[in-house]
Structure formats: C-alpha cells, structure tokens
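First comes the structure, then the notes that go with it.
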2 protein chains.
Amino acid sequence: MRGGQQKSTADAHDVPAPSAGAQDVQLGPLANFIGFHLRLAQDASFRAFARHTGVKGIQPGRFAALMVLHKNPGITLGELGRAIARDKSTVTPLIQDFKRRGLIERRPSKSDRRRVHLSLTDAGESLLRDLLHHAKVHDRVLDTLVGGKKAEFIRLLRKIYDGLG
Amino acid sequence: MRGGQQKSTADAHDVPAPSAGAQDVQLGPLANFIGFHLRLAQDASFRAFARHTGVKGIQPGRFAALMVLHKNPGITLGELGRAIARDKSTVTPLIQDFKRRGLIERRPSKSDRRRVHLSLTDAGESLLRDLLHHAKVHDRVLDTLVGGKKAEFIRLLRKIYDGLG
DNA sequence: TATTGTTATACTCTATAACTATA
DNA sequence: TATAGTTATAGAGTATAACAATA
C-alpha cells in the first residue's frame with residue numbers, strides 16, 4: 001500500500017512489527033473492523049517480502065509489474081497500468097526505471113504509433129525468476145500461517161477487491 | 001500500504017479499481033500468492049474507505065491513530081508509534097497536524113519531563129465519532145462481502161501479522 | 001549512557017494537469 | 001475529438017540520523 005510505502009527495509013535496524021508493543025493498548029471498535037486487520041496484515045506481508053527482496057531494490061508492486069510483463073509480453077503501458085491498478089503517469093517512471101536497469105525492451109507499435117509494446121529482456125526474466133524464488137519462500141510462510149484455509153482465504157480477498165472495485 | 005498511499009481520492013475522476021481491465025491479462029504464479037491478493041484487497045479497501053472519509057482529510061492510518069488516542073487517553077508519542085507500528089519520527093508530524101487541527105491536547109508529564117501525554121479534544125472526539133460512522137458503513141460492505149466467514153477471516157489476518165511480526 | 005521527542009533530510013509511491021503525437 | 005504516453009509538479013507516508021533535554 002500500498003500504500004505509501006517505505007524505504008529499503010532490507011538492512012534496516014528493525015522495523016517495528018505491526019501490533020508490536022500494542023498489547024496494552026486498547027483498540028475499541030477497530031478490533032472488529034476487517035479493514036483494520038487487512039491493513040495490518042498487508043503491512044506485515046509487505047515488510048516481510050521486502051526483507052527477502054528489498055536487497056534487489058524490487059518491492060511487491062514492482063514485482064507484480066514484472067510478472068505481468070512476463071506473462072503478457074507485448075503489453076502496452078496503459079494496459080499494464082490497468083492490470084496493476086495504477087495511473088499511466090505512475091507507470092511511465094516505473095517503466096523508465098526498468099528500462100534504465102535493462103530489464104525491459106520497448107518496441108514501438110507499427111499499427112498505432114502512439115503505443116509502445118513492452119517485454120522483459122533476458123536480464124528481466126532472470127531477475128524475475130530470482131524474485132519468484134524469494135516470493136515463493138515468502139508465500140510459503142503465509143501458506144503455513146493460513147493453513148488449510150488458503151483457497152477460502154484467497155476467495156474472500158478476491159471478493160473484497162472485486163466487490164469494492 | 002504499504003507504504004506510500006495516494007492523494008485524496010474522494011473527488012478524483014475515477015481511480016482505477018484493482019484488477020479492473022485486467023481480465024485478459026495473465027497473472028501466472030501471482031494468482032496463487034496470498035501476498036498478491038492481500039495487496040489488492042487492502043488497496044481496494046483503502047480506496048473505498050477514502051471515498052467515505054477522504055473528504056475530511058482523514059485516511060485509514062490517521063483514523064487508527066485517532067482511535068488509539070481515544071481508547072488510550074494520556075498515551076505518549078512513543079507508545080502511540082508502537083501501537084500503530086510507525087517510527088516516532090513518523091508520529092511527530094502526525095501529532096503536530098492533529099494539534100494544528102485542534103484534535104488533540106498535549107500535556108507534559110510531571111514525573112518525566114521528556115514525555116508528553118496525548119488525548120483527544122472534544123473536537124477530536126467528535127471527528128472520531130463521525131469517522132467511526134463512515135468506517136462502520138465501509139466495514140459493513142466488507143462484512144457483506146466476506147459473509148459468515150468474518151471471524152475466521154479476521155483470525156487468519158491476525159495470524160499473518162502476528163506470525164510475520 | 002539510555003530514552004523521549006524534534007528536526008533535517010531524503011526517498012518511494014501515487015496522482016492531477018498540461019502537453020505532444022498520433023488516431 | 002479522443003487516446004497513448006510523457007513531463008512537470010505536488011503531496012502523503014515513511015524512514016534514518018543527528019540532536020536537545022531529561023532520566
């Protein structure tokens with residue numbers, strides 16, 4: 001949360017864990033709000049993921065973008081933005097950064113010269129594979145925490161973002 | 001979430017909904033990652049909440065801080081930071097903003113003159129009640145989406161942030 | 001020496017608006 | 001007129017480090 005996010009937490013002191021030291025703090029109605037717990041869980045998940053991959057300077061949002069590029073070679077900037085729910089003006093600098101790092105190729109469309117088709121380079125694919133490994137390790141921890149309820153849990157999460165969209 | 005969030009979305013054009021227009025986009029392993037869905041759900045929830053309360057310039061993080069202040073009058077800045085999992089240097093400007101808006105009172109501790117005890121003013125309590133109303137409306141939507149699985153769902157979210165902390 | 005809170009600073013993510021070039 | 005992408009700019013949220021006051 002994507003928010004707002006934070007700097008590289010990979011080598012940071014020790015970022016306070018959500019709810020750490022909050023034992024003696026009263027939460028009131030908050031404790032019964034799905035949105036509140038959703039925020040804490042996402043925050044924790046983000047930080048944990050960043051501990052794995054932050055070293056590479058790639059955070060969850062970037063990772064998702066790379067994955068979309070991998071699975072949809074030739075996608076345009078606008079399509080990518082819609083896929084990851086970000087404005088095109090947010091996607092442009094992201095793409096520029098990827099380009100600067102040699103992770104993607106830009107191929108101008110022949111049929112519509114306004115468009116640019118994007119795809120991962122070998123370096124991009126390689127980095128993605130590496131990130132995927134870390135992401136799997138990370139998500140295995142989440143899997144363990146969620147236990148046998150994973151399918152149900154994802155179904156509910158999906159209902160939330162489909163329902164609120 | 002993380003991290004970084006966005007500007008007041010209350011009166012914005014129409015913020016792209018997560019996964020909107022992503023129908024034809026392939027997600028690959030992402031589709032099976034809890035962390036990915038968690039991020040989308042939190043993003044959607046955040047935006048929906050901001051649609052309700054963004055007008056007041058209060059977003060989920062602020063709301064949570066106000067609630068903690070309400071339920072724990074006299075709490076210190078550091079304690080508040082630990083409760084909402086944010087560094088003290090993040091909390092200071094937050095508190096200053098609350099103060100500027102007349103939402104809180106600062107009472108220097110007698111026993112330890114480094115500390116400052118914080119509590120909501122009448123205006124702060126009033127705003128909180130108002131926000132609480134909006135939050136309830138918002139969370140009722142989430143409740144509906146999640147259906148009878150709410151307790152289980154919150155339990156899993158809590159396991160995630162407790163387990164990753 | 002250690003802790004509380006402030007300040008200075010910097011970085012990431014995000015968006016709106018205005019623009020260029022195409023269509 | 002409408003759309004794809006860029007640029008300029010701004011704001012929110014976050015953190016690290018250095019600091020002053022106090023313990």
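Nothing here was measured: the structure is a model prediction, and the numbers come from that model. Note on naming: letters A, B, ... go to the chains in the order of the sequence lines (proteins, then strands), and numbering restarts at 1 for each one.
Residue pairs satisfying the side-chain hydrogen bond (donor to acceptor under 3.5 Å, both in side chains) criterion with at least one member in residues 108-117 of chain B, sequence neighbours excluded, are listed as follows: B/Ser109-B/Ser111, B/Asp112-B/Arg114, B/Asp112-B/Arg115.
A donor-acceptor pair under 3.5 Å is formed between the side chain of B/Asn72 and the backbone N or O of B/Val68. Here the side chain of A/His70 pairs no donor or acceptor atom with the backbone of A/Glu125 at under 3.5 angstrom.
Contacts between residues 103-114 of chain A and DNA chain D, counted as heavy-atom distances below 4.0 Å, involve A/Arg106, A/Arg114.
The existence of a salt bridge linking A/Glu152 and A/Arg155 is confirmed by a sub-4.0 Å separation between a basic side-chain nitrogen and an acidic carboxylate oxygen. A salt bridge is defined here as a Lys NZ or Arg NE, NH1 or NH2 lying under 4.0 Å from an Asp or Glu carboxylate O, and B/Arg39 with B/Asp43 fails to meet this definition.
Atom-to-atom, CG of B/Asp97 to C1' of C/dT7 comes out at 17 Å; the value is rounded to the nearest Å. Here the C1' atom of nucleotide C/dT16 and the CZ atom of A/Arg86 are 16 Å apart, to the nearest Å. Distance, B/Arg47 CZ to C/dT14 P: 8 Å, rounded to whole Å. Here C/dT4 presents its P atom at 9 Å from CD of B/Glu79, a figure rounded to the nearest Å. Between B/Gln96 atom CD and C/dG5 atom P the separation is 13 Å, expressed in whole Å. At whole-Å resolution of the value, CZ in B/Arg82 and C1' in C/dT4 are 10 Å apart. Nucleotide D/dT14 holds its C1' atom 12 Å from the CZ atom of B/Arg62, rounded to whole Å. Rounded to whole angstrom, the span from the CG atom of A/Asp87 across to the C1' atom of D/dG5 amounts to 11 Å.
The shortest non-hydrogen separation linking B/Ser45 to A/Gly35 is OG-CA, 4.0 Å.
Comparing C/dT14, D/dT7, D/dA12 by their nearest atom to the side chain of B/Gln59 picks out D/dA12. Taking only side-chain atoms of B/Arg115, from C-beta outward, the nucleotide of C/dA15, D/dG5, C/dG5 with the closest atom is C/dG5. Side chain of B/Thr76, nearest nucleotide from D/dG13, C/dG5, D/dG5: C/dG5.
In this view, A/Phe63 and A/Phe49 satisfy the ring pair (Phe, Tyr, Trp, His ring centres under 6.0 Å) rule, not counting sequence neighbours.
A/Val91 comes within 4.0 angstrom of no nucleic acid atom, judged by non-hydrogen atoms across all strands.
One cannot find a donor-acceptor pair under 3.5 Å joining the base of C/dT6 and the side-chain atoms of B/Thr92.
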